[in-house]
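Just so you know, ligand 1 is whichever comes first in the structure, and atom 1 is the first atom listed for that ligand. Values in this document were obtained by computation on a predicted structure and should not be read as measured data. Below, each value reflects all heavy atoms present in this structure, side chains not excepted, and no hydrogens, waters or symmetry copies. We number each residue from 1, following the sequence as shown.
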Amino acid sequence: MKVSIFGAGYVGLSFAACLAEAGHEVLCADADPARIEGLKRGLMPLHEPELETLVASGIAAGSLRFTADERAACEHGDVLFIVVNTPADAQGRVDLRHVIAVAAAIGRHRDRDALVVCKSTAPVGTAAQVESVLGGELSQRGARHRVAVAVNPEFLREGSAVRDCRQPDRVVIGSADPWAIELLTRLYAPFIRDPQRQLLVMDRRSAELTKYAANAMLATRISFMNEMARVAEHVGADIEMVRRGIGADRRIGPGFLQAGAGYGGSCLAKDVRALTRMAERDGHALRILSAVEAVNDEQKGRLFELMTHHFEGRIAGKTVALWGLAFKPDTDDMRDAPSLVLLERLLAAGARVQAHDPAAMANARAIIGERDGLRWCATAPEALQGADVLALVTEWPVFRETGLAQIARELRMPAIFDGRNLYDAAQVEAAGIAYYGIGRGRAVPR
Ligand SMILES: NC(=O)c1ccc[n+]([C@@H]2O[C@H](COP(=O)([O-])OP(=O)(O)OC[C@H]3O[C@@H](n4cnc5c(N)ncnc54)[C@H](O)[C@@H]3O)[C@@H](O)[C@H]2O)c1
């Protein structure tokens with residue numbers, strides 16, 4: 001099948017490469033010509049495991065092509081996916097400019113029937129808006145062909161985007177149009193083993209809301225566990241044991257129960273804010289989600305609080321090795337990353353920071369810039385050199401390669417502030433290092 005994809009970001013590029021691997025003829029367009037030029041030369045604009053190889057083999061096989069020419073992308077596909085960014089501001093207002101721009105372009109350039117699919121996460125009613133923009137453009141030039149608009153939200157996780165595209169838990173198709181449903185069912189066939197279970201067809205508005213509800217549920221689980229972590233600190237329980245204890249219950253399941261330094265990333269916070277606003281517009285306050293957000297905002301400050309406690313308020317002049325900047329391992333995405341909050345607070349308090357991330361250094365530098373007291377370090381061990389203490393914000397597996405003995409040797413006042421509960425407290429302490437985790441059974445004042 002011929003497929004056009006608008007947006008070569010974390011989702012668009014991963015999806016494009018997987019569709020090409022599955023035998024579709026994919027043309028992937030982006031509004032950023034530099035990104036497209038780079039991709040044509042094999043330069044990856046983002047870090048995602050397995051993606052570079054997959055893109056290279058798609059290009060070599062001729063099944064994956066890139067273009068900055070929107071007209072070419074409007075003409076190529078039988079199915080056209082809108083996978084552009086939909087940022088939300090602090091009030092949860094979603095910026096649909098890019099989605100609408102693609103809809104208008106398709107309306108201007110398309111000369112035959114088409115199925116347009118909204119994959120970007122966007123408020124309920126966006127597909128109808130896309131349809132009306134498209135229809136307006138088509139009728140303005142007297143075009144009569146059929147253009148259907150469906151919704152197909154994406155649930156992949158950064159860091160395992162390729163795996164998630166190849167093996168989706170489920171594919172949600174929002175459409176009442178048998179032609180659209182049939183086309184999308186065929187397109188996804190290579191990724192679906194059990195259609196009865198994995199293929200969910202519903203109306204467009206429900207599909208749009210499903211995406212927000214999924215992210216809101218995931219955010220809720222994390223904030224819930226962060227709240228339980230606070231209880232654990234006060235009652236002398238270990239949240240890691242509690243997590244295993246409740247995760248083994250089939251009604252609850254083990255996923256997304258990690259207490260930590262707060263959730264980040266391009267989706268959870270943005271989508272929770274957008275959903276809250278969507279409901280408020282209809283006069284309905286989402287009380288659970290307001291609490292989820294508030295808990296997360298507070299949690300992003302937790303490591304700094306622990307350090308303030310450890311240093312009895314005297315953080316100025318201390319040097320902190322900061323391991324992990326990306327919002328999660330295996331990505332270079334810095335959007336809404338908890339590391340940004342810790343870094344800003346440390347610098348504002350007069351501390352020095354020696355920061356390292358295996359993949360997100362360039363993106364972090366672009367956001368934070370060069371600052372007094374901040375040193376970017378090429379490796380995790382380099383960040384330890386001359387530091388007083390270590391803060392770990394992202395659980396990159398590579399950090400395990402630096403043993404506790406080395407950490408104890410390098411730190412001047414050995415202490416680990418473990419924002420992801422990566423370490424075993426007893427082992428850390430046996431190595432002569434003070435340990436602070438999240439909800440690990442010790443009462444640490446807030
Ligand atoms: N990142 C995730 O983990 C994830 C998961 C599920 C859903 N989503 C949703 O998918 C959408 C895309 O997210 P992302 O993380 O891939 O975003 P991104 O910012 O990584 O990529 C978006 C790309 O779209 C391009 N673009 C903007 N306007 C365009 C236009 N008119 N024509 C062609 N390209 C255009 C941008 O240049 C950019 O390269 C968002 O709505 C997001 O909420 C993201």
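Asp95 has no carboxylate O lying under 4.0 Å from a charged side-chain N of Lys270, or vice versa, which leaves the two without a salt bridge. Ionic pairing of Glu280 and Arg277 is not present here: no N-O contact between side-chain nitrogen and carboxylate oxygen is shorter than 4.0 angstrom. The pair Arg375-Glu382 counts as a salt bridge, with a side-chain nitrogen and a carboxylate oxygen less than 4.0 angstrom apart.
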Next item on the list: Mind running salt bridge (charged side-chain N to carboxylate O under 4.0 Å, His left out) on Asp203 and Arg205 for me, showing each step along the way?
Entry: CA-CA 6 Å; Asp203 64 279; Arg205 296 177 81 80; over 6 Å; no
Check: Could you walk me through whether Arg302 and Glu298 pass the salt bridge (charged side-chain N to carboxylate O under 4.0 Å, His left out) check?
Finding: CA-CA 7 Å; Arg302 185 61 179 148; Glu298 204 178 312; over 6 Å; no
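No N or O atom of Glu154 sits closer than 3.5 Å to an N or O atom of ligand 1. Between Lys119 and ligand 1, not a single N/O pair is under 3.5 Å apart.
For Gln198, the CD atom counts as densely surrounded, since its 6.0 Å shell holds more than 12 non-hydrogen atoms of other residues, nucleotides or ligands. Summarising the local packing, CG of Asp249 is surrounded by more than 12 heavy atoms from other residues, nucleotides or ligands at distances under 6.0 Å. Around the CZ atom of Arg112, the shell of radius 6.0 Å holds more than 12 heavy atoms that belong to other residues, nucleotides or ligands.
For Asp357 (side chain) and Ala326 (main-chain N/O), a donor-acceptor pair under 3.5 Å exists by modelled atom type.
Closest to atom 34 (N) of ligand 1, if we only count protein heavy atoms, is Ala31 N, 3.1 Å. Nearest to atom 1 (N) of ligand 1 among the protein's heavy atoms is Glu158 OE2, 2.7 Å. Among all protein heavy atoms, the one lying closest to atom 5 (C) of ligand 1 is Leu156 O, 3.6 Å. From the protein, the heavy atom lying nearest to atom 27 (C) of ligand 1 is Asn85 OD1, 3.3 Å. With hydrogens left out, the protein atom closest to atom 31 (N) of ligand 1 is Val102 CG2, 3.5 Å, a heavy atom. Of all protein heavy atoms, the one lying nearest to atom 10 (O) of ligand 1 is Val11 CG2, 3.7 Å. Atom 9 (C) of ligand 1 has its closest protein heavy atom at Thr121 OG1, 3.4 Å. Of the protein's heavy atoms, Asp30 OD1, 2.6 Å lies nearest to atom 37 (O) of ligand 1.
By the 6.0 Å and 45° rule, Arg157 does not stack over the aromatic ring of Tyr10.
When heavy-atom distances to ligand 1 are checked against a 4.0 Å cut-off, Pro45 has no atom that comes that close, whether in backbone or side chain. When non-hydrogen atoms are compared, ligand 1 lies under 4.0 Å from the side chain of Arg335 (C-beta onward) but not from its backbone. The backbone and the side chain of Ser120 each have at least one atom closer than 4.0 Å to an atom of ligand 1 (non-hydrogen atoms only). By the criterion of a heavy-atom distance under 4.0 Å, neither the backbone nor the side chain of Glu70 is placed next to ligand 1.
Among His98, Lys328, Glu48, the residue whose heavy atom lies closest to atom 28 (N) of ligand 1 is His98. Distances from atom 12 (C) of ligand 1 to the heavy atoms of Val84, Asn215, Thr67 show the closest one on Val84.
Ligand 1 has at least one atom lying under 4.0 Å from a heavy atom of Lys270. At least one heavy atom of Lys211 sits less than 4.0 Å from an atom of ligand 1.
Those atoms of ligand 1 that come under 4.0 Å of a heavy atom in Val83, given as number and element, are 12 (C). Annotation for ligand 1: atoms under 4.0 Å from non-hydrogen atoms of Arg35 are 39 (O).
Pairs passing the ring-ring contact (aromatic ring centres under 6.0 Å, His included) check and including a residue from residues 76-120, sequence neighbours excluded, read Phe15-Phe81.
Once rounded to the nearest 0.5 Å, the distance linking CG of Asp418 with CD1 of Ile438 reads 7.5 Å.
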